[in-house]
Trainee: 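Pasting in a structure now, in structure tokens, and then I'll have a few things to ask.
In each ligand, atom 1 is the first atom listed, and ligand 1 is the first ligand listed. Values reported hereafter were calculated over all heavy atoms of this structure, with side chains retained and with hydrogens, waters and symmetry mates removed.
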Amino acid sequence: MHLIVAEKNISAHRIAEILAGGHKVIEKKDAGVSTYSFGDMTTVGLRGHVVEVDFEPGYENWRSEKYTPRSLIDAKTIKVPSEKRIVSLLQKLARHADRVTIATDFDTEGELIGKEAYELVRAVNRDVKIDRARFSAITPQEIRSAFANTTDLDFALAAAGEARQSIDLMWGASLTRFISLAARRGGNNILSVGRVQSPTLTMIVDREKEIEKFVPEKYWQLGLLTEKAGEQIEARHTNGRFKDQKAAELARDRTKEPLVVSEVREGTKQDRSPSPFDTTTYIVAAARLGFSAANAMRIAEELYMNGYISYPRTDNTVYPASLDLNGVLATIRNSPFKKDVEWTIAHRRAEPTRGKKSSTDHPPIHPTGVATKEGIGDDAFRIYELVLRRFLATLAPDALWQTLKVNFDAGGETYTTTGGLLTEPGWHTVYPFSEAKETILPVFVTGEKLPIKKVNLDEKETLPPARYTQSKLIQRMEELGLGTKSTRHEVIAKLVSRKYVEGNPLRPTLVGCIVTEALEHNADAITRPDMTQTIESHMQQIKESRRTRDDVIEESRSMLHKAFDQLEANEQVIGDDIRDRTAEELNLGRCPACGGTLAIKHMRGSTQFIGCSRYPECTFNIGLPVTQWGWAVRTDDICEKHHLHFVRLVRKGARPWDIGCPLCHHINSNAESLTEIPSMDEALLEKARARHIYTVAEIARSEPEDLAKTLDMVPATAQKLKDEAGTVLEKLRRRSECRKFMRNHLIPRKGRSYAKIMGALKESGVTDLASLARANAATLQQAGIGENEARALLTEARITHNGQLLKGIGIPAVSLKKYIAAGIEGPEDFVTVGPEKLSTLTGMSAGTVNRHLALVCGYLHRPVPVTIPRARLEKGRKELLSVKGMTATVVDKFAVAGIINGESLIAANAKNLSAATGIEEEKILVYQTFMRKKQENAIIRI
Ligand SMILES: [Zn+2]
Ligand SMILES: [Zn+2]
């Protein structure tokens with residue numbers, strides 16, 4: 001068998017389809033992993049890396065005395081399978097293979113992934129021939145040619161990847177641990193540091209400092225408005241920016257009619273077609289269409305994997321000679337952009353454009369297949385169109401602009417204006433994504449006199465440098481040699497997810513600044529790009545086999561040890577510095593109750609709240625939703641009324657939840673419940689708030705004497721208020737329990753909010769579990785719940801509510817489970833079923849059942865049934881069943897009514913028994929007669 005290993009499942013599938021050349025491909029699944037077979041060949045897809053590098057066991061404990069953060073530098077690493085099912089399937093297949101072809105992506109990362117597969121195969125099959133297929137696009141032509149010309153795995157290239165992996169792990173893990181421990185942070189809250197990440201963050205922080213330091217300078221700009229042939233034309237003073245206000249005003253005052261055209265200069269400007277896309281220029285162009293860097297790369301990778309475009313990770317901006325440009329044109333002629341393709345073919349330039357960077361691994365990004373909007377979706381199609389049009393533009397002729405520059409004179413002051421006309425649109429015809437704009441001017445003649453409609457003197461200020469956008473930052477990282485084409489966008493995404501930066505353009509957060517500064521002051525090697533650049537150049541040397549992987553890793557170790565010499569010497573200072581300054585980021589302002597400091601507190605688990613620095617003297621606090629809803633942070637906005645920072649809940653992959661001023665929020669969300677307290681009128685409410693009482697719970701829990709003092713009332717009134725608050729609190733508790741129940745049992749759906757459902761149910765009087773359990777399906781349906789859902793919900797509500805009741809009565813949870821399993825849901829059921837049947841149904845002893853029944857009867861204010869030994873019961877039951885025409889159902893009904901044997905049947909009042917059991921009186925009389933006769937016969941026989 002010939003086994004082909006691809007980088008992902010989707011590429012394995014496509015490669016199989018291509019190589020099968022129209023023959024049927026059979027898909028099989030083994031433990032959830034697909035394989036694709038045809039003839040003698042089988043393809044299988046990895047999931048990128050299927051093994052990961054980790055430290056040897058023993059290094060897991062962060063606080064270990066022996067394994068300090070520094071010890072991670074020299075720690076041995078091991079490879080552990082991270083995708084176990086894929087690894088085991090790969091090895092299962094490899095055992096029987098007589099040839100294995102590695103067909104992972106063709107770059108450092110892909111080569112390393114290929115080498116990992118190579119090692120897994122070798123571990124189970126020492127002799128199998130392993131070769132490598134390299135391609136830049138998953139198209140029939142490229143794939144066939146790659147498999148016809150396989151080579152060996154490039155171990156030097158893979159070694160460069162391995163070196164990077166080891167170095168990144170060693171740097172990231174040791175420094176992250178060191179800084180986090182120094183700052184006493186753990187869990188969700190660690191401070192991560194990374195080899196590429198930290199210098200990148202430093203760039204963003206430095207830019208922010210430049211912006212903060214920036215002192216704007218005033219300047220003045222002079223312009224005028226004239227008119228020709230009904231068109232208004234603006235002209236600028238040739239002086240540009242006036243630094244001196246007086247000079248500007250003087251020039252303005254001298255500007256007098258007539259405005260004389262002093263010179264008309266016509267010219268042409270060549271507008272060169274753009275060069276082919278590499279990863280960076282592609283990301284920049286996609287950003288103009290509104291795609292973030294990470295999103296642009298994700299979509300491009302998908303398009304590549306499906307054969308629509310070539311490999312998107314490339315540094316190359318020159319089409320290699322081997323790339324069949326005519327072939328590409330012929331292919332995309334069938335795309336929805338046929339007209340543009342044909343235009344390009346008809347107007348094709350002699351040579352395609354070329355950029356400055358040429359490398360041999362991959363060609364520039366270009367289209368390789370035909371995609372439609374219906375087939376791939378809007379976003380992917382916009383990216384496909386961008387890549388396709390860029391390709392066309394690189395083959396299209398240059399554009400030509402006709403330029404016009406007109407100079408004017410007005411009282412000795414000189415003005416100028418320019419115009420541009422696209423006379424030959426060239427590449428703009430097929431590439432509408434550039435920003436070039438036409439400005440059409442009327443015809444001017446030298447010496448011509450014109451009116452001055454207006455003279456404008458504008459006071460302006462110089463602007464600070466702009467923050468980095470994601471795409472600008474990627475460009476800058478590339479210039480500095482930070483990261484690689486494959487990792488830059490991931491580094492930025494990491495900085496965002498670790499809350500070091502936010503927004504686009506990117507701004508550092510306070511933590512981002514603090515960590516960067518702490519490192520800068522104490523171990524600047526980590527924050528400067530130099531060291532990272534050095535390591536990147538070492539990678540290149542490994543690729544070219546000029547250095548070995550181990551040699552480079554060793555050198556990196558010694559660099560890191562030097563950094564640790566500095567860091568460890570300053571550990572205390574770094575830790576204190578970070579702790580002091582990050583505490584600040586949680587402070588919201590002054591406590592309204594005591595003037596202490598209010599701050600966000602994150603507790604163990606998922607609890608978070610806002611508390612006072614003077615706790616326990618001051619117990620003022622505001623609850624926050626648990627962290628599942630988002631991690632609470634403060635924002636820069638401040639409430640005008642309470643002078644507190646706003647609070648926001650941030651959650652990965654979700655839009656942040658803005659709480660706003662926590663105190664305003666607290667007051668608003670408690671306003672309604674406070675007014676449910678009967679004696680709470682407007683005046684009292686205002687007074688309570690002025691004395692910092694904002695919730696029902698605060699009133700319910702305070703001592704009447706304290707409450708009386710705080711609210712200036714007599715103790716009796718305070719006691720009444722407290723009692724009422726207690727009642728409301730209980731109501732609120734039940735309401736929130738009901739809401740929680742809804743959340744747990746109603747599947748969330750778009751356009752259906754729990755608040756809305758609860759609101760509608762409240763109208764029908766359903767406010768808690770008890771009333772929900774009593775409600776009928778129609779009420780629920782009116783609140784917007786589907787028929788089947790309503791019925792299921794009611795059943796659940798009944799079981800839950802009754803369960804709670806029974807638990808409250810004193811039935812232990814274990815027994816309760818048995819009752820519910822037996823269909824015994826509520827107290828009433830206990831009574832109707834009766835002790836004997838309860839015991840049979842649940843398998844619990846008669847004693848236990850009777851104990852429970854006594855509790856339930858107590859609750860229902862009913863007499864407790866007399867306890868009767870089981871043997872006697874069984875004997876009685878048999879006796880009753882011997883009556884002619886008697887059924888088990890009837891016997892059960894009798895039992896509930898206390899008729900447990902022949903004797904009690906005979907003694908019963910038939911009319912009463914009929915009423916209690918629903919069995920016809922006549923029948924009962926027949927049973928009684930039969931039983932009486934039977935007993936008489938028995939006596940006679942004796
Ligand atoms: Zn306080
Ligand atoms: Zn407020």
Trainee: Does NZ or CZ of R207 fall inside the cone over Y468's six-membered ring, less than 6.0 Å from its centre and within 45° of the axis?
Mentor: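 Ring-cation test returns yes.
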Trainee: Answer yes or no: is there an ion pair linking E737 with R733, defined by an N-O contact shorter than 4.0 Å?
Mentor: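 Salt bridge present between E737 and R733.
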Trainee: I want to check a possible cation-pi pair here: R70 against F564, using under 6.0 Å from ring centre and within 45° of the ring axis as the test.
Mentor: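 No cation-pi geometry.
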Trainee: Around the Zn ion (ligand 1), list the protein N/O/S atoms within a radius below 2.8 Å, excluding water molecules.
Mentor: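 Atoms qualifying: C591 SG, C594 SG, C612 SG, C618 SG.
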Trainee: Passes side chain to side chain contact (heavy atoms under 4.5 Å, CB included), R739 versus M742? Steps please.
Mentor: CA-CA 5 Å; R739 195 177 311 125; M742 291 284 190; 5.5 Å; no
Trainee: Has S180 got a side-chain atom pairing as donor or acceptor with I190's backbone, closer than 3.5 angstrom?
Mentor: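 Pair absent, no side-chain N/O of S180 close to backbone of I190.
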Trainee: Tell me, which protein N/O/S atoms are under 2.8 Å away from the Zn ion (ligand 2)?
Mentor: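 Under 2.8 Å from the Zn ion (ligand 2) - ignoring waters, which are not counted - the protein N, O or S atoms are C639 SG, H642 ND1, C661 SG, C664 SG.
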Trainee: Just checking K709: does its NZ atom have more than 12 heavy atoms from other residues, nucleotides or ligands closer to it than 6.0 angstrom?
Mentor: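 Not more than 12 within 6.0 Å, no.
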Trainee: Taking only residues at least two apart or on different chains, which pairs with a member in residues 691-702 satisfy salt bridge (Lys or Arg N to Asp or Glu O under 4.0 Å)?
Mentor: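 Residue pairs passing salt bridge (Lys or Arg N to Asp or Glu O under 4.0 Å), neighbours aside: R691-D712.
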Trainee: I'd like to know if the side chain of N504 and the backbone of Q470 have a donor-acceptor N/O pair within less than 3.5 Å.
Mentor: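 Flag set: sc N504 to bb Q470 pair under 3.5 Å.
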Trainee: Please list every donor-acceptor pair under 3.5 Å in which a side-chain atom of residues 682-689 meets a protein atom from a residue at least two apart or in another chain.
Mentor:
none

